Amino acid sequence: MKLNRIAVAAALTVTLGANAHAAGQLVVGFAQVGSESGWRAAETKTAKIRATQNNIDLKISDAQQKQENEIKAARSFIAQGVDGIFIAPVVATGWDGVLREAKEANIPVFLLDRQIETSDPSLYTAAVTSDTILEGHMIGDYLAGLTHDKCRIVELQGTVGSSPAINRKKGFEEAIAAHPDMKIVRSQSGDFTRSGGKQVMESFIKAENNGHDICAVFAHNDDMGIGAIQAIKEAGLKPGKDILVVSIDGVPDMFKAMADGDANGTVELSPDMAGPAMKALIALKTDKTQPAKWIKTPSTLFTPATAQAEYDRRKSMY
Ligand code: AHR
């Protein structure tokens, strides 16, 4: 009985894909990380808009931040014979097997917003990401200017093993290495979530003289930064003043926090990763144009000076 249901569901999925193909649409499967952050939700929303604009039948699977779920979704997309697969890889390693299966099936794979480590880069077509090392550098240089090169920093890392967590840490450390009085005194993962950021920040505050020995928090994304702001307030301190808050993403909540004086800077990460990937896929399919291996999205630093205007401009976009 159960087997029958599975068979019917599989047949239905193949038929749906076939209908889209018959209508001349490209079918794309998107193995998405999940909904851990405001930025991630914006990326998913933008992908749907871009799919409509490009007449693409986009099938999105939510991996709930588990690589095994993304691999399962990619295998199911391969079985359905999609025209392209987008993967936002939760972690950087462990992709070669499923990518080889996609390559054997002649399905181009685009990595969105995170890079992977592979011994064979020909296994994927292109990656659409920002320069995540540069993001860490930019926020580190900015913090050095704000603190006159002297600061005891706590760091909220993103998901362990993910490329933005690895690279933002690297870039930030490289930037502050030029300033001997700037030091990361504590560093732990908050898994790119608001609740994770709050929880870890609470433990940092307890361990650092009720927060009085912390000069700044560097959060690998805005959601953890917002969680840290809540923890700082609950400890009776003023975020943005007693403890500076810098992070990466550029979501509306962080612009609001900056406008309210609770945060000090963010580097914007474009939520439009699917748009460039769809453009490249269409060019590949229509006239075999090979995309650049790395389609780089811009990184821009924003400060409290323009936060209110940026918030007003963005809140309806998210
Ligand atoms: O890979 C991009 C990162 O993933 C974003 O900075 C973060 O918000 C998300 O979870």
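Here, residue 1 is the first one in the sequence, and each next residue gets the next number. Computed from heavy atoms alone, side chains included, the values below leave out hydrogens, waters and symmetry copies. Everything numeric in this text was worked out from a predicted model, so none of it was measured. Note that ligands are numbered from 1 as they come in the structure, with each ligand's atoms numbered from 1 the same way.
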Between His220 (side chain only) and Gly158 (backbone N and O only), is there a donor and an acceptor less than 3.5 Å apart?
yes
Taking every heavy atom of Ser162 against every heavy atom of Arg114, the minimum-distance pair comes out as CB-NH1, 3.7 Å
Heavy atoms of Gly94 and Ile71 approach each other most closely as O-CD1, 3.9 Å
At a 4.0 angstrom heavy-atom cut-off, ligand 1 is contacted by Glu36, Ser37, Trp39, Arg40, Asp113, Arg114, Pro164, Arg168, Phe192, Asn221, Asp249, Leu269
Heavy-atom nearest pair, Asp62 first then Ser35, reads OD2-OG, 4.3 Å
Closest heavy-atom pair, Ala175 versus His179, reported as atoms and distance to 0.1 Å, is O-CD2, 3.5 Å
* **salt_bridge(Lys198, Glu202) N-O dist < 4.0 Å** => yes
